[in-house]
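Written below as structure tokens is the structure these notes are about.
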Amino acid sequence: MNQLERLKEGKLVAVIRGAQPEQVIQIARALQEGGIVSLEITADTPKVCSVIERVKETFGDDIIVGAGTVLDPETARAVIMAGAEFIFSPTVNVETIKMAKRYGVISIPGALTPTEILTAYEHGADLIKVFPAGAMGAGYFKDLKGPLPHIPLMPTGGITLDNIGDYFKAGAAAAGLGSALVNPAKLQTEESYKELTKTAQAFYKLAAGW
């Protein structure tokens, strides 16, 4: 099974935004214990390349680690060289998609309209991150799957325990989980990391039902 198949099978990608470098390994371990093994570390994380390298050194193939908020091909190449296995972007940047495909990593650009979604897919995107999904609602996914049933969509932004099932029911291939799962500012104690694992387990169980 390749990394794209693993990511789709796991259905969930945890977005780690605003974390300090020294937090990331503990966050990754807490998420892994909760069943979530695909982790996006945003490119604005201090020393992001070093952080990605450390995650890969620590977990090897047990975790799929990628970079998020990648706005340009230069950043994409830097994080790929550090070991990123997928590239998340908030927008459709064709050159960034090309860079990811050049190095054989998963490309997940962000799009919202049918035109943006199709454009990203035609240029080689593996999954399309529909962002911000929460502003549109799960019904929007059902509408998109009508004319674009062949394009795998991944809602990100505003996904919670209360609504994630609605998106999978509407045809989502996977889901990106942000602050409803990982809020680094609140991770200050051992107990808070245990709570993170419990929340990850709750999302994992819901996703497994689809």
Side-chain angles (χ1 to χ4, degrees), residues 3-4 6-8 10-21 23-25 27-28 30-32 36-56 59 63-101 103-112 116-117 120 124-135 152-160 164 167 172-185 187 196 200 203:
Q3 297 298 65
L4 178 59
R6 284 184 65 200
L7 190 150
K8 287 182 176 179
K11 296 183 182 293
L12 303 173
V13 177
V15 179
I16 304 174
R17 180 184 300 280
Q20 294 303 309
Q23 286 182 292
V24 174
I25 295 299
I27 291 172
L31 292 169
Q32 182 189 34
I36 297 177
V37 296
S38 295
L39 312 181
E40 172 200 331
I41 301 169
T42 60
D44 55 0
T45 301
K47 301 178 181 178
V48 63
C49 290
S50 296
V51 172
I52 290 171
E53 289 174 351
R54 190 175 173 207
V55 171
K56 288 306 298 178
F59 296 96
I63 278 181
I64 306 170
V65 61
T69 319
V70 177
L71 303 178
D72 52 71
E74 294 80 11
T75 302
R77 186 181 186 280
V79 293
I80 290 168
M81 293 300 100
E85 296 166 280
F86 61 84
I87 299 295
F88 258 49
S89 300
T91 59
V92 178
N93 182 299
V94 172
E95 293 306 314
T96 299
I97 296 172
K98 288 180 179 178
M99 184 66 72
K101 303 320 297 176
Y103 287 97
V105 305
I106 302 164
S107 172
I108 310 176
L112 187 62
E116 292 171 345
I117 290 167
D126 297 292
L127 277 169
I128 309 299
K129 179 179 80 168
V130 179
F131 174 82
L153 304 177
M154 178 179 181
T156 304
I159 307 304
T160 67
I164 190 171
Y167 288 95
L177 307 174
S179 59
L181 174 61
V182 183
N183 186 340
L187 296 172
L196 174 57
F203 273 111

Worked verdict on Val55 versus Val24 for side-chain contact (heavy atoms from CB on, under 4.5 Å): CA-CA 8 Å; Val55 171; Val24 174; 3.8 Å; yes
CA sep, side-chain torsions, deciding dist, call: Leu127, Leu7, side-chain contact (heavy atoms from CB on, under 4.5 Å): CA-CA 10 Å; Leu127 277 169; Leu7 190 150; 3.6 Å; yes
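In this structure, Tyr103 OH and Met81 CE are separated by 4.5 Å, a value rounded to the nearest 0.5 Å. To the nearest 0.5 Å, atoms CG (Leu31) and CG (Leu181) are separated by 5.5 Å. In this structure, Phe131 CZ and Thr91 OG1 are separated by 10.0 Å, a value rounded to the nearest 0.5 Å. Leu196 CG to Asn183 CG: the interatomic distance, rounded to the nearest 0.5 Å, is 10.0 Å. Atom OG of Ser179 and atom CD1 of Ile16 lie 13.5 Å apart (nearest 0.5 Å). We find the OG1-CE distance between Thr75 and Met99 to be 10.0 Å, quoted to the nearest 0.5 Å.
Checked against Leu177 for a side-chain contact (heavy atoms from CB on, under 4.5 Å), the options Ile36, Thr156, Val13 give a single hit: Ile36.
When the shell of 6.0 Å around CZ of Arg6 is examined, it contains more than 12 heavy atoms from other residues, nucleotides or ligands.
A donor-acceptor contact under 3.5 angstrom links the side chains of Asp44 and Thr42, judged on distance only. For the residue pair Arg17/Thr45, the side-chain donor-acceptor check at 3.5 Å is not satisfied.
Residues Glu85 and Ile106 have side chains not in contact (no heavy-atom distance under 4.5 Å, counting atoms from C-beta outward). Thr69 is not listed as a side-chain neighbour of Ser89, based on a closest heavy-atom distance of 4.5 Å or more. At least one side-chain heavy atom of Val182 sits less than 4.5 Å from a side-chain heavy atom of Ile27.
With respect to the salt-bridge test (charged N to carboxylate O, under 4.0 angstrom), the residues Glu53 and Lys56 do not qualify.
Closest approach of Pro21 and Val51 over heavy atoms only: CB-CG2, 3.8 Å.
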